[in-house]
2 protein chains.
Amino acid sequence: MVRRYVFGTPIETDAVINKPEASKGAAPYVEKNGDVLLYDMQPGDIVYGLGENVRGINKRGWIYVSNCSDDPNHQEDTKSLYGAHNFIIVSGEDSRPFGLFLDTPDKIVFDIGYTVNSRMTISMDSGSYELYVIEAESLEGIVKEFRQMIGMPFLPPKWAFGFGQSRWSYRTSEEVREVVRQYRSSHIPIDSIYLDIDYMERYKDFTIDRERFPDFEKLVEELKEQGIHLVPIIDGGVKIEEGYEVYEEGVRNRYFCKDENGEDFVVGVWPGRCHFPDMLNDEARKWFGGKYKYLLDKGIDGFWNDMNEPAIFYSERRLRMVFDKIEEYRTMNLDVKTFFEFKDLVASLEKNPEDYRSFYHNYRGQSIRHDRVHNLFGYYMTRSAGEAFEELEPEKRILMFSRSSYIGMHRYGGVWTGDNKSWWSHLLMNLKMLPSLNMCGFLYSGADIGGFGSDATEDLVLRWLALGIFVPLMRNHAADGTRRQEAYAFGNTEAFAEIIGLRYRLLPYLYSEFMKAALKNEMYARPLGFVWPGDSIARRVEDQLMIGESIMIAPVYEQNAAGRVVYLPEPMKMLRFAKGDVTEEKVLPAGHHFVEIPLEEVVLFIRRGHILPLASGGERVGDIDWNDLKLYHFAGPGALYELYDDDGISRRVELEKNLRRLVL
Amino acid sequence: MVRRYVFGTPIETDAVINKPEASKGAAPYVEKNGDVLLYDMQPGDIVYGLGENVRGINKRGWIYVSNCSDDPNHQEDTKSLYGAHNFIIVSGEDSRPFGLFLDTPDKIVFDIGYTVNSRMTISMDSGSYELYVIEAESLEGIVKEFRQMIGMPFLPPKWAFGFGQSRWSYRTSEEVREVVRQYRSSHIPIDSIYLDIDYMERYKDFTIDRERFPDFEKLVEELKEQGIHLVPIIDGGVKIEEGYEVYEEGVRNRYFCKDENGEDFVVGVWPGRCHFPDMLNDEARKWFGGKYKYLLDKGIDGFWNDMNEPAIFYSERRLRMVFDKIEEYRTMNLDVKTFFEFKDLVASLEKNPEDYRSFYHNYRGQSIRHDRVHNLFGYYMTRSAGEAFEELEPEKRILMFSRSSYIGMHRYGGVWTGDNKSWWSHLLMNLKMLPSLNMCGFLYSGADIGGFGSDATEDLVLRWLALGIFVPLMRNHAADGTRRQEAYAFGNTEAFAEIIGLRYRLLPYLYSEFMKAALKNEMYARPLGFVWPGDSIARRVEDQLMIGESIMIAPVYEQNAAGRVVYLPEPMKMLRFAKGDVTEEKVLPAGHHFVEIPLEEVVLFIRRGHILPLASGGERVGDIDWNDLKLYHFAGPGALYELYDDDGISRRVELEKNLRRLVL
């Protein structure tokens, strides 16, 4: 059951599409104290949710701020990442679970036992917001109720479940071709190549640098013939440049965000001086969405939206101020106080909170200061694309994922989890974020495999891939200046081919589970506590997941480990894959087991009574033979797996029609 | 057996005090290729060592640069911390282990399977260095050989094994008194309070701010009566200020490092413009060491040496250059290239490699550019104090630990591991560094409990203390601006008192094991692989340690964990402490066990055939009754524990005379 409580005069976010009637009276569970909601946690309570955030699947013990931020340092003490996903579930040891969704487009602070161990406080920026209280018998029931309310997730095309390779940046057509050549000649399966900012002319959205990509259209065509999709990036800021159509149209039609004097607000991002399209303005949004046609027309069928928190390197005004102020430090004896002031002055240029209070949207006819609706920018940018795609490509799914997001955006695109690092801890964080994002509606998601910033090692990328093969968005991406980390860039290319190849063997199952989860408002990846809520050990497991109904994964995320301890809440059948094939099937009793997992191998665990259909693989999604599936199982005769399949491209899908019964 | 190989004309570091004759011919194990040493690792090889560094006890899979650095961001991809500890041990699965020590005061790069998984390359900055190859039957044998060669570690006074509280900064006498009052009134044991930079007058070494500490001498006395030692910080740079004695003497006697024109080199650190005392110059070192007398005379008997990598915020010359260059960016369109250039320009002020090539030491009569001897600065600063203490306090151990270090410094002081963060991963890093430091001679060491930077939570500090009670240097320390994390600062003060209290119950055992390890050139904390080298699982355990001969620890280092999996290589007896006392004794068979460990409890494991003597505790080290020990054990009648004890203060200690046989 969902109850909705309205406080003040909330700004509509369009997060919820199926709103229950507003309830009167006090909301249950939480105590309202001004703009703060309080809840006293029991020692055994676990708090799930908050989507894209650092730390555990259990969010207790830290303070999280919903304030979409461009922050490439995802550390334990990071409070805000790129998304704002204000949905939590409290799971008591003995009590019925309940969920809370706070719907407001501005900042929220979730203090989940940071200040006082046993106390949760949710602090709103303003007195206007909507609170949804969700109750059900089970954790999955709560997720289902919530997801029904916020609508069905974005469905990517089937090819987007293939492996993708990205880098900031592949700088020329030739470099793209070379990457593809390397993959194809090493027989490492791949379905997509991503273009980061350098394909554009001076970082201008909806342009192509014709010096470096003179034959862009031909390249798209050529790759398509090889079964590879080219996926360009689109940024949140539009370059100020005379003669640049997008800029000129935006100025002419007043489609850009304004400063307090009504002038187009000037910020610095990749191209230098930019304006922000007013994504919240219906007309501007429609206009910006229409611009994707420029690339659709060239055969592009997938995009990623970046820098849409929106990221700000500096505002023009602050930049001038800082340069003036720097002068004052010139003649000082810079000591502990003044030297750090000087450093902070320069550091304060980026994402300065004051700058976010200095520009305005025209939202539903009203001028609204940006900070009041900050968390919607990325959502509405992606919505602009999503709505355009529905018009421009009514028959075809277009791949779309975004860096910034808010609940509701999940209907228009997936998310990647931004600029992580080549750290082992970020491999584990990838695993932990997955179910939290699923709860919030984001099914199509993934982290940059191998890590974006910093330098990767061969073993890190291999281990990360061994997790990544279970993650819907499976993409290797790395930053400018870092070590090359393509699957062929290290010594042991065969192992890379085998592990990525396994993705293609698993794909019918993974796609089936993804689509069923999307269509039935379920989770694709579940924490063990969702499946075994009565098992006190399972509830605390932070490094294993159920993927779909049949399998549990327990990846290795520590360097130099020969294996790891795996917890089985019930007997399961372990499947070991070596050289791309099953080399061991072994039933293990419930309990803790140390399982050896060499670098080149993958293990997974089949749940009792369940079936894992396995294809023979392929080098691109289109190669996979869905009619030639081998059924691995830990079940008796008559056991059933319902395989979902479709053409992988049509927007209109029907669950029942597309189910195939596989019986032992 | 130790063999020494000399290449080129090495600069003497005084790391090794017992040098074997130089060997002729090629060194075994490694292949020399120019200034690079190569070793091909077997898949099962573990590489131990490198002292203070990030990542695992097993150093494989990363690149480490010995280049003492002031870097408060200890991340997975950090390559240099504050120390340079060029000792490694390669432990093969089937082959005899061997150790390598590279003795050179400049930079070394250890690529231990980063570039190529199976390959170790050690790259020297110059062709002049000494290589020691150490062989023995066991890992412990290698450590013993190495440690015999580098000399006995610094012995701290017994009180320095008590708990210490620090913060940047306790700013007044009154604040110090208040901290003590809080500890004493909460009955949380404590033996020391640390003074960070603000006790000084304008951050000038060997001064006291008389406005904030008008009664410094009285404070020292008063605290001493309460059994509390005040431990002030000393920095590596000397403020340029007319009338300041240390500055004026240094200038007059040419005791400061020079720039290339022979002028005193000017750098910015805490006080602003400073000079570096030339710690490598015998005369200057003697002079600087003598300055500690100023505080010894006031009753101070412990110090910590900081900023001695040496840290550089800026050099005067670079600062001027940067200010000039900034002007050029004023009028540009700052885009992806120029904006980051501008930011990097400001960032490049700190620890700029060029600045480290811009000043000179007078070392043994020769002018040597700093970068050639960079890794000795912290060592020689601490040596200056250590040598002075021997003269000034010939009968008394003075507590001393340093941030920067090089092997050899372990004879003059311990180390704390610098500016960590309030991160769970840094709790684990504390554990991992401990044995690595022990190998290199640093027995008295510890990390800032609760974390220096970032904000701590109650559970983090409790869990960290539950490790910290086993760490020789047990100190809670936090940075300016962070949340208060004293043991009384959170709700559950009783649990803090109980866990810290346990330290005082364990102290006779811990002190005994520490002193035996120091006097016998053994390790106080050992990785499991040292004890069970034939156990392939034990060899890979990175989160448990043997502490002394009798006990194994397995602390919880994950938030919200109800317990953890512990690996027992052989049957052990688990001891559970709750409310400060043993509440469970249970023999567990070899293998993996999930052990519940509530936040307020501590478990440890007694090794078969061994005894753990436990005192009844106290609120300061002096309170502990060493004659009233209860023997917990996993052994039969006749089993023996040799307890080391002494007066805890005399410099001269004799192992045999101070051993007491405790028999079951």
Side-chain angles (χ1 to χ4, degrees), chain A residues 46 55-56 58 60-63 75-77 113-114 116-117 197 202-203 268 270-273 313-314 319 323 326 329-330 332-336 338-339 342-343 346-347 349 421-425 454-455 457-460 490-492 536-537 540 542 558-562 565 567 592-594, chain B residues 46 55-56 58 60-62 75-77 113-114 116-117 197 202-203 268 270-273 313-314 319 323 326 329-330 332-336 338-339 342-343 346-347 349 421-425 454-455 457-460 490-492 536-537 540 542 558-563 565 567 592-594:
Chain A
I46 288 177
R55 298 218 164 198
N58 180 358
R60 279 188 77 154
W62 193 238
I63 192 164
Q75 302 177 154
E76 271 181 45
D77 55 350
Y114 163 78
V116 179
N117 211 297
I197 54 173
R202 294 188 293 282
Y203 316 109
W270 296 128
R273 298 168 72 249
F313 293 168
Y314 57 85
L319 189 65
F323 275 120
I326 282 174
Y329 290 93
R330 222 180 225 275
M332 289 183 188
N333 172 31
L334 294 184
D335 66 5
V336 51
T338 46
F339 179 68
F342 164 66
K343 280 207 333 178
V346 174
L349 278 170
K421 293 259 172 83
S422 296
W423 293 349
W424 291 83
S425 57
S454 191
D455 293 319
T457 54
E458 182 176 34
D459 53 354
L460 175 69
F490 301 97
N492 196 357
S536 66
I537 295 177
R540 301 273 171 188
E542 291 269 351
E558 280 169 358
Q559 192 165 35
N560 299 317
V565 175
Y567 177 66
H592 288 93
H593 301 271
F594 181 82
Chain B
I46 287 177
R55 297 216 164 200
N58 182 357
R60 280 189 76 155
W62 193 237
Q75 302 178 155
E76 272 183 43
D77 55 350
Y114 163 78
V116 178
N117 210 298
I197 54 174
R202 294 188 293 282
Y203 317 109
W270 296 128
R273 298 166 74 247
F313 292 167
Y314 57 85
L319 189 65
F323 275 120
I326 282 174
Y329 290 92
R330 222 180 225 276
M332 289 183 188
N333 171 30
L334 294 184
D335 66 4
V336 51
T338 45
F339 178 68
F342 164 65
K343 279 207 333 176
V346 175
L349 278 170
K421 293 259 171 83
S422 297
W423 293 349
W424 292 82
S425 57
S454 191
D455 293 318
T457 54
E458 181 175 35
D459 53 353
L460 175 69
F490 302 96
N492 195 356
S536 66
I537 294 177
R540 301 273 171 190
E542 291 269 351
E558 279 168 359
Q559 193 165 34
N560 300 317
V565 174
Y567 178 66
H592 287 93
H593 300 271
F594 181 82

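Remember, it's a predicted structure, so these values are computed and weren't measured experimentally. To find a chain, count down the sequence lines: A is the first, B the second, and so on, and within it residues start at 1.
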- For the residue pair A:Phe313 and B:Phe339, does the interplanar ring angle fall in the parallel (under 30°), tilted (30 to 60°) or perpendicular (over 60°) class? parallel
- Task: Name the orientation class of the two ring planes belonging to B:Phe594 and A:His592 (parallel below 30°, tilted from 30 to 60°, perpendicular beyond 60°).
- Result: parallel
Highest number of heavy-atom pairs under 4.5 Å with chain B: which of [options]?
{"options": "A:Gly268, A:Gly56, A:Ser425", "value": "A:Ser425"}
{"options": "A:His593, A:Gln559, A:Arg273", "value": "A:Gln559"}
{"options": "A:Phe323, A:Tyr203, A:Trp270, A:Trp424", "value": "A:Phe323"}

Between [X] and chain A, which part of the residue has a heavy atom less than 4.5 Å away: side chain, backbone, both or neither?
{"X": "B:Leu319", "answer": "side chain"}
{"X": "B:Leu349", "answer": "side chain"}
{"X": "B:Arg55", "answer": "side chain"}
{"X": "B:Tyr329", "answer": "both"}
{"X": "B:Arg330", "answer": "both"}

- If you measure from CH2 on B:Trp62 to CG on A:Asp455, what distance do you get to the nearest 0.5 Å? 5.5 Å
When heavy-atom pairs shorter than 4.5 Å are enumerated against chain A, which of [options] gives the highest number?
{"options": "B:Ile326, B:Leu460, B:Asp459", "result": "B:Ile326"}
{"options": "B:Lys343, B:Arg202, B:Met332, B:Gln75", "result": "B:Gln75"}
{"options": "B:Val565, B:Val336, B:Thr457, B:Val346", "result": "B:Val336"}
{"options": "B:Asn333, B:Val116, B:Thr338", "result": "B:Asn333"}

- Item | Derivation and outcome, side-chain contact (heavy atoms from CB on, under 4.5 Å), residues A:Glu542 and B:Glu558 | CA-CA 10 Å; A:Glu542 291 269 351; B:Glu558 279 168 359; 5.8 Å; no
[X] to [Y] - nearest heavy-atom pair and separation:
{"X": "A:Glu76", "Y": "B:Trp423", "value": "OE1-CA, 3.0 Å"}
{"X": "A:Lys421", "Y": "B:Asp77", "value": "CD-OD2, 4.4 Å"}
{"X": "B:Leu334", "Y": "A:Tyr314", "value": "O-OH, 2.7 Å"}

- Query: Side chain, backbone, both or neither: which part of A:Ile537 has a non-hydrogen atom closer than 4.5 Å to chain B?
  - Reply: side chain
- Item | Contact class of A:Tyr567 relative to chain B, heavy atoms under 4.5 angstrom | neither
- Message: side-chain contact (heavy atoms from CB on, under 4.5 Å) for B:Asn492 and A:Asn117? Distances and angles first, verdict last.
- Response: CA-CA 9 Å; B:Asn492 195 356; A:Asn117 211 297; over 6 Å; no
